[in-house]
Amino acid sequence: MCRHATSTPKGEEFLDIAAHPEAKVRLVSLAKDVPPKYLMTVELTLHGITRTVDLVADTAGPVADAFGVPRVGATATGRL
């Protein structure tokens, strides 16, 4: 893989992890939409700046894990 392709997201021109090593996502609300979709509102903190972001989550499951505990997977998309 190209060195530039792996270093750019962490570099100064994008996330700048040297200056801002922490990113946070906090769930504010979760509402059921048309199954299997959910509407999520999260607080996203990057570079020390927090913004509210609305996401649409697609779920898969539930399935039982190796211990029999039900688990659900999700993929969320949104715009900043």
Side-chain angles (χ1 to χ4, degrees):
M1 182 176 275
C2 173
R3 179 197 64 80
H4 184 69
T6 58
S7 64
T8 298
K10 297 177 184 179
E12 291 178 12
E13 60 277 352
F14 192 64
L15 290 177
D16 193 8
I17 63 169
H20 304 282
E22 187 172 86
K24 294 180 183 179
V25 178
R26 185 179 77 82
L27 181 64
V28 175
S29 68
L30 178 65
K32 196 168 195 174
D33 195 22
V34 178
K37 295 187 183 287
Y38 287 82
L39 303 176
M40 300 169 56
T41 300
V42 299
E43 286 183 348
L44 174 64
T45 303
L46 293 173
H47 291 170
I49 299 169
T50 302
R51 297 282 189 259
T52 301
V53 181
D54 293 322
L55 304 171
V56 176
D58 290 314
T59 59
V63 296
D65 69 11
F67 301 101
V69 177
R71 304 287 182 180
V72 176
T75 301
T77 56
R79 286 187 175 241
L80 296 177

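Once rounded to the nearest 0.5 Å, the distance linking NZ of Lys24 with CD of Glu22 reads 4.5 Å. Separation of atoms CG (Asp58) and NZ (Lys37) is listed at 3.5 Å; rounding is to 0.5 Å. Rounding to the nearest 0.5 Å places CG of Leu55 at 10.5 Å from CG of Leu30. The CG atom of Leu44 lies 10.5 Å from the CD1 atom of Ile49; values are rounded to the nearest 0.5 Å.
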Original post:
His20 and Leu46: side chain to side chain contact (heavy atoms under 4.5 Å, CB included), yes or no, with the steps?
Top reply: CA-CA 8 Å; His20 304 282; Leu46 293 173; over 6 Å; no
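Residues Leu39 and Leu80 fall into different hydrophobic clusters, defined by Ile, Leu, Val, Met, Phe, Trp and Tyr side chains chained together at heavy-atom separations under 4.5 Å.
The side-chain hydrogen bond (donor to acceptor under 3.5 Å, both in side chains) search around Thr45 returns Thr50, not counting sequence neighbours. Listed by chain and number, the residues in a side-chain hydrogen bond (donor to acceptor under 3.5 Å, both in side chains) with Ser29 are Thr41 (sequence neighbours excluded).
Of all heavy-atom pairs between Arg79 and Val53, the closest is O-CG1, 3.8 Å.
Residues Thr52 and Val42 have side chains not in contact (no heavy-atom distance under 4.5 Å, counting atoms from C-beta outward).
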